[in-house]
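Here the structure is laid out as structure tokens; the discussion comes afterwards.
Order of listing sets the numbers, starting from 1, for every ligand and every atom in it. Since the model is a prediction, treat every value here as computed from it, not as a measurement.
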Amino acid sequence: MSDRSVLRLDGVAKSFGTVDVLSDISVSIPAGELVAVIGPNGSGKTTLLRAIVGDLRPTGGSISYTGPDTNRPIGYLPQRPTFRSGFTAAETLAFYSALVDGAAPEILLERVGLEAAAGRNVENLSGGMRQLLGIAQAIVGDPPLVILDEPASGLDPNMSEYVFETAAEIASEDRTVLLSSHDLTLVEETADRVVVLHQGRVAASGTLETLSSRFGTDSLRGVLNAIVGDTARVSVLGGEQ
Ligand code: ADP
């Protein structure tokens, strides 16, 4: 594990009216890793990622970016990326890249394997290509932290695998990827570290190895079942171990 962090959350809470969606989230995200947030539907994954990118204001606690000083610290792929219609994939990236003095569209497209779609209008891209264009948009300006909300959602297994491979390639010594996913197999194959959310709280977090030994199972499915199936145990465990 790296001793540098790129993001620290301390007691983060988010309520919508009287509904507490996130409570007491305290985690530190190490630099240079691929970190996955998993948890059942409604456990707060999207809300957490939106709070991190500043799309939602937490009702409590603090979120600090602790990575290198740069023009664009955090890149973001929202759950349903939207692009302005009438523009090609390359034009779309050129627009964002010009805002932050980023790389040429061709380079960004190549990094996600979309070179062949450079001249294609965004409305004619497949679901998988849209996700890849969204990832290319998220890495414009070379942000040290890239947040991907369900990057493989709605894609066929081959495309999901490709999107995860791309995410893993983006994570490097200097770049951290924090993503949410339901695909526990792909998370097992690619993530260095996993944060498990349950009912808006961090039920457990750590490497697959530490989670497996803690919960006496060899799979993330087993970890999740142990957490979700036994709520009394979750409240006892809480927080990062
Ligand atoms: P996940 O991504 O894990 O499925 P979400 O973060 O999307 O979970 O949602 C967590 C909970 O917060 C859900 O119960 C959802 O209905 C609620 N929620 C999310 N956004 C809002 C909102 N803007 N207003 C009210 N409730 C919301």
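- Here is the list of ligand 1 atoms found below 4.0 Å of a heavy atom in Lys45: 1 (P), 2 (O), 3 (O), 4 (O), 6 (O), 8 (O).
- By the 3.5 Å distance cut-off applied to N or O atoms, Phe16 is not counted among the residues near ligand 1.
- The single protein non-hydrogen atom nearest to atom 9 (O) of ligand 1 is Thr47 OG1, 3.8 Å, given as residue, atom name and distance.
- Contact between Leu114 and Leu133 at its shortest, heavy atoms only, is CD1-N, 3.6 Å.
- Remark: the backbone N or O of Ser23 is not paired with any side-chain donor or acceptor of Asp20 at under 3.5 angstrom.
- Looking at Pro40 against ligand 1, only its backbone comes within 4.0 Å, counting heavy atoms.
- Remark: among candidates Leu49, Thr46, Leu48, the nearest residue to atom 7 (O) of ligand 1 is Thr46, based on non-hydrogen atoms.
- Put simply, part of Asn41 is less than 4.0 Å from ligand 1, judged by heavy atoms.
- Taking a distance limit of 4.0 Å, we find that atom 11 (C) of ligand 1 is approached by some protein heavy atom.
- The side chain to side chain contact (heavy atoms under 4.5 Å, CB included) test with Ile139 singles out one residue from Val146, Val177, Leu93, and that residue is Val146.
- Nearest protein heavy-atom contact of atom 8 (O) of ligand 1 is Gly44 N, 3.2 Å.
- The existence of a salt bridge linking Lys45 and Asp149 is excluded, since no basic side-chain nitrogen approaches an acidic carboxylate oxygen closer than 4.0 Å.
- For atom 16 (O) of ligand 1, the nearest protein heavy atom is 4.0 Å or more away.
- Listed here is the closest heavy atom pair of Ile25 and Gly200: CD1-O, 3.4 Å.
- The distance from the CG atom of Leu48 to the NZ atom of Lys14 is 12.5 Å, given to the nearest 0.5 Å.
- The nearest heavy-atom contact from the protein to atom 14 (O) of ligand 1 is Gly42 O, 4.2 Å.
- No side-chain donor-acceptor contact under 3.5 Å links Ser212 and Asp218.
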